[in-house]
Protein chains: 2
Amino acid sequence: MKIAILGYGVVGSGAYEILKRYGYEVKWVLDIRPHDELGSVLTSNYDDILNDKEVSVVAEAIGGLEPAHTFVVKALKAGKHVVSSNKHLICQYYEELHTLARENGVSIRFTSSVGGGIPWLYNLRRSVRCDEISKVMGIMNGTTNFILDAMITDSRDFDEVLKEAQALGYAEANPSADIDGLDVARKTAISASVAFNTIIKEENVSVFSMRTIQKCDIDYICKNLGTVRYMGFGIKNGDSVSTFVEPTILPLSAPESTVCKNFNMITLFGKSVGRLSFFGQGAGKYPTGNALAQDIIDVVSGCSYTQDTPIELTVDNHKVERAYYIRTKAQIEGDIVAKCEKINGNNHIITKKMSVKDIHTLSCAILVSDSSSFFAGIEE
Amino acid sequence: MKIAILGYGVVGSGAYEILKRYGYEVKWVLDIRPHDELGSVLTSNYDDILNDKEVSVVAEAIGGLEPAHTFVVKALKAGKHVVSSNKHLICQYYEELHTLARENGVSIRFTSSVGGGIPWLYNLRRSVRCDEISKVMGIMNGTTNFILDAMITDSRDFDEVLKEAQALGYAEANPSADIDGLDVARKTAISASVAFNTIIKEENVSVFSMRTIQKCDIDYICKNLGTVRYMGFGIKNGDSVSTFVEPTILPLSAPESTVCKNFNMITLFGKSVGRLSFFGQGAGKYPTGNALAQDIIDVVSGCSYTQDTPIELTVDNHKVERAYYIRTKAQIEGDIVAKCEKINGNNHIITKKMSVKDIHTLSCAILVSDSSSFFAGIEE
């Protein structure tokens with residue numbers, strides 16, 4: 001079984017080096033940029049790979065939707081297994097790609113699209129085959145964890161830490177995908193799709209941004225409640241699923257409270273296995289390259305799990321309730337408020353338990369009054 | 001591929017129920033006790049299984065050395081794959097069983113022998129195939145973690161918590177295998193053998209018991225240093241390995257500090273993947289039954305990793321150095337002492353960095369002077 005890697009960027013080159021070091025032959029690398037060290041392995045013409053009958057595994061590490069989507073669809077239709085580290089692609093085309101894989105009797109694997117080096121999706125899929133998963137949750141974004149950890153540990157302002165993260169290459173020049181939750185929403189959608197054998201789209205995931213967090217929130221949370229992390233959740237309730245991304249307040253006894261810097265921790269709850277948590281580096285050339293290589297090796301070894309025919313589940317965020325922390329200058333109606341402390345012109349509110357649906361609806365009105373308002377779920 | 005389970009105890013029955021629920025046929029269960037619910041699946045005669053050509057996977061959940069060892073050897077020689085949850089067996093006969101598996105072209109799998117429901121060994125083996133592991137470490141025993149957690153959280157005495165653990169079934173009437181470290185030593189030996197592709201025997205693992213821990217140690221550690229857990233370590237140094245089990249003092253920022261009650265957390269450090277930690281229930285009918293079932297399903301699906309021909313490494317505990325906490329009434333020579341505080345007739349000592357070998361040698365003399373002395377490594 002010969003391997004082709006599409007894209008010789010950070011992740012693709014990491015996987016290539018690891019595979020080569022451990023004796024797995026990569027026959028082709030597709031990239032439009034020159035890479036002399038690759039010699040004749042490098043091609044800029046995808047047809048060289050598509051038409052090569054020896055190539056049975058195509059590993060996509062280009063990123064973005066096109067041409068990745070076109071290349072992957074062609075590979076599946078040509079009866080080639082596909083491995084990808086591309087969460088945008090996998091999330092956007094989850095149903096199509098799985099259907100094509102099933103129809104063509106090949107595997108599609110994407111462990112490295114969520115959690116970097118952590119073999120999260122692989123173990124999740126392995127759990128699903130003989131257990132009933134009720135919940136998945138986790139810290140899935142290293143950038144936002146780095147920011148929160150620095151704010152908490154060193155008592156620093158959000159803007160200052162964000163600048164540092166950008167200088168260190170931990171955050172993009174436009175950090176929106178990280179701090180406004182799209183990255184975590186995609187990873188949550190993919191994780192929930194695997195966990196519950198269904199199709200969750202990114203637009204099904206309710207999201208609170210964390211860009212409005214301030215030092216006064218950290219001070220209040222650390223003094224009164226515990227700590228805070230940016231987390232995604234997928235929770236099964238009978239025939240429906242709740243999926244959401246929120247800054248989440250946790251007690252100091254929670255395993256997530258020790259997740260520092262760029263690390264991730266992602267968790268499943270299974271009926272027989274109980275809680276399983278997976279912790280490691282959520283990004284980076286060698287961690288993510290390693291995860292991509294692992295999926296490739298599994299396929300080459302003839303071992304792979306693909307999704308069974310998915311079942312249809314509705315997404316209903318009414319069914320999960322928790323208390324919320326809101327910091328706002330706006331006035332909040334009394335009947336949802338359990339506790340309110342006014343500090344320096346801000347209302348620091350703990351709500352009574354309310355549904356994820358209701359708080360996300362309410363937040364829109366609150367943000368109209370005060371666009372700097374901050375919202376966090378409280379996990380017991 | 002038909003399955004046979006040897007032993008219908010806690011773990012065997014857990015695995016049986018899970019396999020049956022998910023459509024995997026168990027053709028035989030071996031047990032000498034009556035289990036009416038099993039009908040004709042039950043046999044007390046191992047030859048029924050050994051001579052059945054349809055049976056290609058034998059899952060051993062009897063425990064202890066014999067007859068488990070005899071049954072497993074016969075299965076391997078008969079060309080049957082073997083799965084086991086029996087750490088004593090796997091540790092004692094690691095080399096023999098792996099050689100027989102290789103010679104007969106079959107797999108031997110034992111994920112459920114370490115870490116209960118956590119897919120630790122499975123992921124460790126998967127990591128080894130394309131990464132270089134430098135260290136494994138972890139909380140691998142639920143009983144001792146339960147005891148330490150209760151002592152720390154509720155400020156209780158060791159004897160009182162041990163009694164409660166025994167009443168709850170978390171500790172045996174004779175708790176020695178847990179509190180004197182044999183259980184963790186075996187799990188450490190197995191983990192190091194997999195991590196470094198070598199053979200580590202239980203007698204190669206240097207062990208500090210935790211039976212001498214007292215409330216005054218918890219008070220001192222929590223006030224000055226962090227927290228304490230009972231942990232096993234396997235560390236690679238060139239051509240040698242260090243393996244040891246010790247009460248270990250950790251900062252509160254360490255992920256292990258949140259491991260409460262019966263949970264386990266086990267960690268690998270890989271050159272490309274970095275740190276990966278796996279957290280979950282370290283024991284129990286359904287967690288461990290699930291892990292046993294998972295290994296069986298892997299084998300039945302044609303997916304398994306077995307060990308490459310092992311390399312020979314010496315065990316040398318001179319090569320790892322750390323500082324130690326010693327609480328003793330004995331007088332300790334000044335040149336290893338960094339700090340000493342005398343409280344209520346006890347010397348609470350922090351040593352300078354010293355090798356694992358040296359502290360274990362020294363501890364023997366100290367325990368002669370004061371058999372209630374307590375020793376803990378300090379992990380930075």
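Residue numbers start from 1 in every chain, and the chains themselves are labelled A, B, ... in the order their sequence lines are given, proteins ahead of strands.
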For A:Glu380, does the CD atom sit with more than 12 other heavy atoms under 6.0 Å from it, leaving out its own atoms?
->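 Result for CD/A:Glu380: open.
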Does A:Tyr122 have B:Arg126 sitting over its ring (NZ/CZ under 6.0 Å from centre, angle to axis within 45°)?
->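 Flagged: B:Arg126 positioned over aromatic ring of A:Tyr122.
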Contacting region of A:Thr153 [heavy-atom separation from chain B under 4.5 Å] =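 Neither; nothing under 4.5 Å.
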Which answer fits [X], side chain, backbone, both or neither, if we ask what part of it has an atom under 4.5 Å from a heavy atom of chain A?
X	answer
B:Ala291	neither
B:Thr288	neither
B:Leu252	backbone

For a 4.5 angstrom cut-off between non-hydrogen side-chain atoms, does [X] reach [Y]?
X	Y	value
B:Leu276	A:Pro119	yes
B:Arg129	A:Ile297	yes
A:Phe279	B:Arg275	yes
B:Pro255	A:Thr258	yes

Which donor-acceptor pairs under 3.5 Å do side chains of residues 3-13 of chain B form with protein atoms, sequence neighbours excluded?
unit_1: B:Ser13; atom_1: OG; unit_2: B:Gly9; atom_2: O; d: 2.6
unit_1: B:Ser13; atom_1: OG; unit_2: B:Val10; atom_2: O; d: 3.1

Would you name the heavy atoms of B:Cys303 and A:Gly302 that are closest together and state the gap between them?
->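 In terms of heavy atoms, the two residues are closest at SG-O, 4.1 Å.
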Count the heavy-atom pairs under 4.5 Å between each of B:Gly117, B:Ser277, B:Pro287 and chain A, then report the option with the highest count.
->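 Going by pairs under 4.5 Å, I would pick B:Ser277.
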Tell me, with the steps shown, if A:Asn290 and B:Cys130 meet side chain to side chain contact (heavy atoms under 4.5 Å, CB included).
-> CA-CA 8 Å; A:Asn290 181 291; B:Cys130 65; 4.2 Å; yes
Flag the pair B:Arg21 and A:Asp131 as a salt bridge only when some basic side-chain nitrogen lies within less than 4.0 angstrom of an acidic carboxylate oxygen.
->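 Looking at A:Asp131 together with B:Arg21, the answer is no, because their closest N to O distance does not fall below 4.0 Å.
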Interatomic distance, A:Ile18 atom CD1 to B:Lys271 atom NZ [nearest 0.5 angstrom] =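 Output value for this atom pair is 11.0 Å.
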